[in-house]
Amino acid sequence: MPYPNAVDAPEAAQCILATVRAIAPGQVAGYGQVARRAGLPGRARLVARVLASADDPGLPWHRVLRSDGRIALPRGSPAWHEQVRRLRAEGVQVDDGRVRMPRGQGTLDAALWGPD
DNA sequence: GCGCTGACGCGAT
DNA sequence: CATCGCGCCAGCG
């Protein structure tokens, strides 16, 4: 747990960004997962807000999905298409706005970073 | 200060 | 599976 439990500090955003950048290409993670890993359990919504306001062009925001593997953005929106495009470009199999889980691994949680 | 809204999550139906 | 409802947090009018 490299990060402190800062909730009301701009540092929280940094922890989140760092965590998102830590996601390897071709891999994906859930908002809640990112939040937990960033030391901010239960702050999935905060993660979403940080990504939405982040201006870093190199940020792999497209690798962050809902816990059920679905893209969080409004279906069909420009950003939605963009996310699908980027994911596919990394070899991630996306089917109708939802990421194909590798072999019935219930949700992202268990499939990728698993139970920390 | 108040209520609405949303790149969320989870259990119940 | 697809939906619904409710809890949760932060920004905005």
Side-chain angles (χ1 to χ4, degrees):
Chain A
M1 23 51 85
Y3 309 112
N5 250 15
V7 186
D8 53 297
E11 189 167 274
Q14 290 304 310
C15 295
I16 291 173
L17 292 178
T19 304
V20 172
R21 294 195 191 95
I23 306 175
Q27 285 211 311
V28 292
Y31 289 86
Q33 277 272 258
V34 173
R36 214 170 51 127
R37 204 170 158 95
L40 301 166
R43 309 299 184 266
R45 276 188 124 127
L46 176 60
V47 173
R49 175 122 196 86
V50 170
L51 289 188
S53 56
D55 51 344
D56 185 343
L59 190 69
W61 56 270
H62 57 282
R63 299 185 194 138
V64 187
L65 314 164
R66 283 204 191 179
S67 60
D68 58 7
R70 280 191 169 246
I71 288 180
L73 295 150
R75 192 174 188 277
S77 70
W80 183 87
H81 285 298
E82 176 66 7
Q83 181 160 18
V84 174
R85 196 178 68 71
R86 290 200 188 187
L87 286 173
R88 285 181 175 159
E90 293 185 355
V92 178
Q93 194 162 31
V94 185
D95 172 50
D96 189 47
R98 87 179 83 170
V99 170
R100 276 295 210 183
M101 282 310 144
R103 307 284 283 148
Q105 304 272 331
T107 51
L108 295 175
D109 306 39
L112 301 178
W113 299 359
D116 244 297

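So you know, we letter chains A, B, ... as the sequences are listed, proteins then strands, and number each from 1. Since the model is a prediction, treat every value here as computed from it, not as a measurement.
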Between A:Arg98 and the options A:Arg66, A:Gln93, A:Arg70, the side-chain contact (heavy atoms from CB on, under 4.5 Å) test singles out A:Arg70
Tell me: CG of A:Leu65 to C1' of B:dG9, nearest whole Å?
14 Å
Could you list the residues that satisfy salt bridge (Lys or Arg N to Asp or Glu O under 4.0 Å) with A:Asp95, not counting sequence neighbours?
none
A:Ser67 side chain N/O closer than 4.0 Å to the phosphate oxygens (OP1, OP2) of B:dG9?
yes
What's the separation between atom CZ in A:Arg86 and atom NE2 in A:His81, rounded to the nearest 0.5 Å?
14.5 Å
From B:dA7, C:dC9, B:dG9, pick the nucleotide closest to the side chain of A:Arg43?
C:dC9
At 4.0 Å (heavy atoms only), tell me whether A:Arg45 reaches a base, stays on the sugar-phosphate, or touches nothing.
base
To the nearest 0.5 Å, what is the distance between CH2 on A:Trp61 and CG on A:Leu51?
9.0 Å
Starting at CG of A:Leu59 and ending at P of B:dA7, how long is that distance when rounded to a whole Å?
17 Å
In whole angstrom, give the distance that lies between atom CZ of A:Arg49 and atom C1' of B:dC8.
14 Å
Using 0.5 Å steps for rounding, measure from the CD atom of A:Gln83 to the CZ atom of A:Arg63.
11.0 Å
Separation of A:Cys15 SG from A:Arg37 CZ (nearest 0.5 Å)
12.5 Å
Structure string for DNA chain B in dot-bracket form, Watson-Crick and G-U at under 3.5 Å, | interchain
.|||||.||||||
Which part of the nucleic acid, if any, lies within reach of A:Gly42 when heavy atoms closer than 4.0 Å are counted: base, sugar-phosphate only, or nothing?
nothing
For residues 69-84 of chain A, which residues have at least one heavy atom under 4.0 Å from DNA chain B?
A:Ala72, A:Leu73
Atom-pair distance (CD on A:Gln33; C1' on B:dC10), nearest Å:
14 Å
Rounded to the nearest 0.5 Å, how far apart are NE2 of A:His62 and CD1 of A:Ile23?
9.0 Å
A:Leu51 has an atom CG; how far is it from atom P of C:dG11, in whole Å?
14 Å
Within the structure provided, determine whether A:Glu82 and A:Leu73 are in side-chain contact (heavy-atom separation under 4.5 Å).
no
In whole angstrom, give the distance that lies between atom CH2 of A:Trp61 and atom P of B:dC8.
13 Å
Calculate, to the nearest 0.5 Å, the distance between atoms CG and CD belonging to A:Leu17 and A:Glu11 respectively.
12.0 Å
Taking atom P of B:dA7 as reference, at what distance in whole Å does atom CD1 of A:Ile23 sit?
19 Å
B:dC8 phosphate, OP1 or OP2: any side-chain N/O from A:Arg66 under 4.0 angstrom?
yes
Output the rounded distance in Å from CG (A:Asp96) to C1' (C:dA2).
13 Å
